[in-house]
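Structure, as structure tokens:
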Amino acid sequence: MRREQAQLLHAQGELAGSPEIVPVPHVEDETGARLCVRVTPPAAALAETIPDMPVQEAVTVLDAASAGRWSADRPMSLSDLEAAGGMVSTSEARRRWEILNRFADPRAESPGESRSRVLIAQLGFACPRLQEPIPLGRSRTVRVDFYWPEAAVVGEFDGRMKYLRSGELSGLSVEEVVYQEKLREDGLRERGLRVARWGWDELAKPERLAAKLRRAGVPQRDPSTPAPLPGIEG
């Protein structure tokens with residue numbers, strides 16, 4: 001190992017702290033003791049992987065990390081993310097990290113929403129507001145996934161789990177979930193809002209998503225505003 005590599009690894013170790021010992025759920029050794037494994041601290045794991053990930057995957061991870069949705073015993077903190085940025089090794093990787101981390105938004109509540117955000121930006125559309133509350137009357141307010149107030153357009157990502165696991169997630173039958181979604185969309189349209197809905201099929205074929213957004217009237221990004229993901233490919 002070259003001296004420069006050794007110095008970098010030493011610096012990363014100081015920033016990341018010691019490897020963490022994490023218990024494996026529902027697994028015991030032959031003595032009946034809970035099995036534990038040594039894992040890379042979250043900040044070091046992010047620094048090592050985010051710059052090399054495709055954009056959609058990287059933003060999905062950073063959205064979840066910035067929101068504190070983490071599978072370990074404690075959520076990621078702002079200091080963890082700051083430490084991760086300090087551990088990125090090369091100037092190009094650091095540039096990519098900074099752009100992706102700046103684009104991350106804790107309000108994106110699912111991988112589908114995170115991936116949608118990336119495609120919306122890459123397709124040249126204006127950046128939407130996320131999880132915007134919209135009153136529907138009768139003391140009812142709903143939150144929408146994406147909102148372009150200047151165009152009176154709402155965007156909704158329809159993931160499968162909302163329907164396939166409806167009983168577990170909401171306690172409602174699939175039929176009731178579909179009916180409630182219809183009432184919700186009717187209420188939005190009564191307010192004069194256009195609604196665009198898409199799912200995983202559109203994310204796999206971005207031209208379909210672009211067509212839906214254009215039909216709904218989502219505006220293109222103002223050319224005078226900075227691109228949210230400048231020079232980021234993949």
Side-chain angles (χ1 to χ4, degrees), residues 56 59-71 75-76 102-222 225 228-229:
Q56 291 188 28
V59 169
T60 298
V61 172
L62 287 172
D63 281 353
S66 64
R69 295 190 297 274
W70 205 253
S71 59
M76 289 286 291
R102 191 162 56 242
F103 186 74
D105 195 315
R107 294 171 297 176
E109 294 185 341
S110 71
E113 291 179 26
S114 295
R115 288 172 178 262
S116 296
R117 294 181 56 235
V118 173
L119 284 177
I120 289 167
Q122 291 178 330
L123 291 167
F125 291 99
C127 290
R129 297 182 186 178
L130 304 182
Q131 301 303 325
E132 184 78 4
I134 296 180
L136 296 184
R138 296 184 181 178
S139 302
R140 186 188 180 200
T141 296
V142 300
R143 282 189 304 120
V144 297
D145 296 338
F146 305 95
Y147 184 44
W148 291 269
E150 69 278 21
V153 177
V154 164
E156 296 278 71
F157 174 78
D158 271 335
R160 297 186 184 96
M161 290 301 102
K162 176 167 56 178
Y163 304 101
L164 299 181
R165 296 172 56 191
S166 60
E168 177 184 344
L169 297 175
S170 64
L172 302 175
S173 67
V174 175
E175 294 80 6
E176 184 63 24
V177 170
V178 172
Y179 179 63
Q180 291 299 326
E181 284 293 307
K182 178 185 182 302
L183 293 180
R184 185 175 185 272
E185 184 165 329
D186 287 346
L188 292 169
R189 294 186 187 280
E190 287 172 5
R191 287 214 48 176
L193 299 173
R194 294 184 294 276
V195 180
R197 307 187 79 97
W198 62 88
W200 289 105
D201 289 343
E202 285 77 16
L203 298 190
K205 296 184 177 180
E207 66 277 7
R208 291 187 181 179
L209 176 60
K212 285 196 170 187
L213 296 178
R214 281 195 295 267
R215 283 198 301 269
V218 174
Q220 292 286 301
R221 184 179 66 250
D222 186 336
T225 62
L229 291 167

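Numbers for residues simply follow the sequence, beginning at 1.
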Quick one: pull up [atom1] in [X] and [atom2] in [Y] and give me the separation to the nearest 0.5 Å.
{"X": "Glu185", "Y": "Leu193", "atom1": "CD", "atom2": "CG", "value": "10.5 Å"}
{"X": "Thr141", "Y": "Glu132", "atom1": "OG1", "atom2": "CD", "value": "11.0 Å"}
{"X": "Ile134", "Y": "Arg143", "atom1": "CD1", "atom2": "CZ", "value": "11.5 Å"}
{"X": "Leu62", "Y": "Arg102", "atom1": "CG", "atom2": "CZ", "value": "12.5 Å"}
{"X": "Leu136", "Y": "Glu190", "atom1": "CG", "atom2": "CD", "value": "8.5 Å"}

Exercise: identify the closest heavy-atom pair between [X] and [Y]:
{"X": "Ser110", "Y": "Phe157", "answer": "OG-CD2, 4.4 Å"}
{"X": "Ala216", "Y": "Ala196", "answer": "CB-CB, 3.8 Å"}
{"X": "Leu229", "Y": "Ala121", "answer": "CD1-CB, 4.3 Å"}
{"X": "Asp63", "Y": "Ala108", "answer": "OD2-CB, 3.4 Å"}
{"X": "Trp198", "Y": "Ser116", "answer": "NE1-OG, 2.8 Å"}

Pair Gln131, Asp145 - check side-chain contact (heavy atoms from CB on, under 4.5 Å), show working.
CA-CA 5 Å; Gln131 301 303 325; Asp145 296 338; 3.6 Å; yes

Would you say that [X] contacts [Y] through its side chain, given a criterion of any heavy-atom pair below 4.5 Å between the two side chains?
{"X": "Glu150", "Y": "Pro219", "answer": "yes"}
{"X": "Leu119", "Y": "Gln56", "answer": "yes"}
{"X": "Gln220", "Y": "Phe125", "answer": "yes"}
{"X": "Val154", "Y": "Arg189", "answer": "no"}
{"X": "Phe146", "Y": "Arg117", "answer": "yes"}
{"X": "Tyr147", "Y": "Pro128", "answer": "no"}
{"X": "Pro228", "Y": "Arg221", "answer": "yes"}
{"X": "Arg115", "Y": "Val59", "answer": "no"}

Kindly indicate, with the supporting measurements, whether the criterion salt bridge (Lys or Arg N to Asp or Glu O under 4.0 Å) is fulfilled by Lys182 and Asp186.
CA-CA 6 Å; Lys182 178 185 182 302; Asp186 287 346; 2.8 Å; yes

What residue among Arg197, Arg208, Lys212 forms salt bridge (charged side-chain N to carboxylate O under 4.0 Å, His left out) with Glu202?
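Single salt bridge (charged side-chain N to carboxylate O under 4.0 Å, His left out) partner of Glu202 among Arg197, Arg208, Lys212: Lys212.
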
Can you name the salt bridge (Lys or Arg N to Asp or Glu O under 4.0 Å) partners of Arg107, sequence neighbours left out?
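So Arg107 forms a salt bridge (Lys or Arg N to Asp or Glu O under 4.0 Å) with Asp105.
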
